[in-house]
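Worksheet: the structure to be examined is printed underneath.
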2 protein chains.
Amino acid sequence: MKWLTEEEQASWRAYVHATTLLEDHLDRQLQRDAGMPHMYYALLTTLSDAPTRRMRMTELAQQTKITRSRLSHAVTRLEKNGWIAREDCPSDRRGQMAVLTDEGYAVLVRTAPGHVTAVRSAIFDRLTPEQVQQLGEISRIIAEGLQPEGADLPWLR
Amino acid sequence: MKWLTEEEQASWRAYVHATTLLEDHLDRQLQRDAGMPHMYYALLTTLSDAPTRRMRMTELAQQTKITRSRLSHAVTRLEKNGWIAREDCPSDRRGQMAVLTDEGYAVLVRTAPGHVTAVRSAIFDRLTPEQVQQLGEISRIIAEGLQPEGADLPWLR
DNA sequence: GCACTTTCATTGAATCTTCAAGAAGTGGAC
DNA sequence: GTCCACTTCTTGAAGATTCAATGAAAGTGC
């Protein structure tokens, strides 16, 4: 059993603090300005990047790294807001498509600038270009290690 | 209004993915092995580092970067587990101390190795020493920017 | 002492997440 | 075609978090 070195402990503590504060900060910013938490906002942006602004539930869950259950609940809520609609999947009768509505897209258009500003001022305005690159690389390594990668293993849970 | 560059976007996406997956992973590991989510575990470890294993509520909230409200609810739950006890603060009658019980300490002793292993294998075993240092530095910069620092400004909320 | 402001900590309601269970469809073996 | 294992998505209940409001004590100015 190998413990953490002093340096590792310090980095770990700093990481936990930073992620806690940042999540809190962005959730609050988006709750105030867009009426939803950050994860819900991420669902909308992910959909908006999809070819026809729609995606299978499972794929949306995979791309946003959340469980299907969580996604189901979230979509139910966003559907009530009129920002997402559900459609049957034409090729698989078990499937559902989540569709970004025009109204949902409008919310995104309206709130994206404020959100980008929040992200910028919390992170990118404070980091050097090298650090931005390092953050990306480190994040990719960590994320990679936590994903089954192995294609069709149970991807999460 | 300045948008994010390609590189910034990529780093941001990777960061969100990594933190989502990691939080999920550690919450699950600790829920399974210690019967509590990561944040609750962090409360116990923070207390265990304190001089007499006790701390004022506000200070505990500050050190763990959470709101007092969240802490109140968490301590209520951990009190039910018998892992934390509340004591009146001798010097300030408004105050409460959260005390790590022997039972709570025992849980920590029993589960710390497994948790450290989980953290190691998810992060530190995958990063070079330089990257560990970079992660710490980047995290400190981000955390610093999100804390009022300004001493007695409303520190959070 | 007295009014006023601030701080400490908690509470309840609404919201969000997790977990386990379950309904329905798919696809392969035979 | 039938059986069986697997995938897709949803659901309800339990637990966690947020937000606004509150009571009580401490500090401040006079």
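Letters go in sequence order (proteins before strands), and every chain restarts at 1. The structure displayed is predicted, hence computed values, not measured ones.
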- Task: Select from B:Ser91 and A:Gln31 the residue whose nearest nucleotide in DNA chain D is closer to the 5' end of that strand.
- Result: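 Going by which nucleotide is closer to the 5' end, it is A:Gln31.
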- Using the closest heavy atom to pick a nucleotide of DNA chain D for each, name whichever of B:Arg94 or B:Met39 lands nearer the 5' end.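 This one resolves to B:Met39.
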Between atom [atom1] in [X] and atom [atom2] in [N], what is the gap in whole Å?
X	N	atom1	atom2	result
A:Asp88	C:dA24	CG	C1'	12 Å
A:Leu71	D:dT10	CG	P	7 Å
A:Glu23	C:dT17	CD	C1'	12 Å
B:Arg28	C:dC19	CZ	C1'	9 Å
A:Asp24	D:dA16	CG	P	18 Å
A:Gln96	D:dT11	CD	C1'	14 Å
A:Leu30	D:dC19	CG	P	12 Å
A:Arg77	C:dT17	CZ	P	9 Å

- Message: Applying a 4.0 Å non-hydrogen cut-off, can you work out what A:Arg86 is touching in the nucleic acid: base, sugar-phosphate, or nothing?
- Response: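 Since only primed, P, OP1 and OP2 atoms lie under 4.0 Å of A:Arg86, the category is sugar-phosphate.
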- Query: Within the structure shown, what part of the strands sits under 4.0 Å from A:Asp92 by heavy-atom distance: base, sugar-phosphate, or nothing?
  - Reply: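 Sugar-phosphate only.
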Side chain of [X]: nearest nucleotide among [options]?
X	options	answer
A:Tyr40	C:dA9, D:dC19, C:dT17	C:dT17
A:Arg93	D:dC9, C:dT18, C:dG25	C:dG25
B:Ser72	C:dT18, C:dA9, C:dC16	C:dA9

- Check A:Met55, A:Arg86, A:Glu87 against A:Val99 for a side chain to side chain contact (heavy atoms under 4.5 Å, CB included) and give me the one that passes.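 Only one of A:Met55, A:Arg86, A:Glu87 forms a side chain to side chain contact (heavy atoms under 4.5 Å, CB included) with A:Val99, namely A:Glu87.
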- Message: With a 4.0 Å cut-off on N to O distance, would you call A:Arg56 and A:Asp92 a salt bridge?
- Response: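 A salt bridge links A:Arg56 with A:Asp92.
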Kindly indicate whether the side chain of [X] and the base of [N] share any N or O donor-acceptor pair separated by less than 3.5 Å?
X	N	result
B:Arg70	D:dT18	no
A:Ser69	C:dC19	yes
A:His73	C:dT15	no

- Message: Heavy-atom nearest nucleotide on DNA chain C for B:Asp27 versus A:Pro37: which residue maps closer to 5'?
- Response: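 The residue mapped nearer the 5' terminus is A:Pro37.
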- Item | Heavy-atom closest pair, residues A:Ser48 and A:Leu100 |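 Nearest heavy atoms, A:Ser48 then A:Leu100: CB-CD2, 3.6 Å.
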- Checking B:Thr64 side chain against B:Leu43 main chain: does a donor-acceptor pair fall under 3.5 Å?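 Checked: no pair found.
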- Hey, does the side chain of B:Arg32 come within less than 4.0 Å of C:dC19's phosphate (OP1/OP2), counting only N and O?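 Checking C:dC19 against B:Arg32, no side-chain N or O comes under 4.0 Å of OP1 or OP2.
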- Task: Say whether B:Glu23 and B:His38, considering side chains only, have a donor N or O and an acceptor N or O under 3.5 Å apart.
- Result: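 Note: B:Glu23 and B:His38 side chains miss the donor-acceptor criterion.
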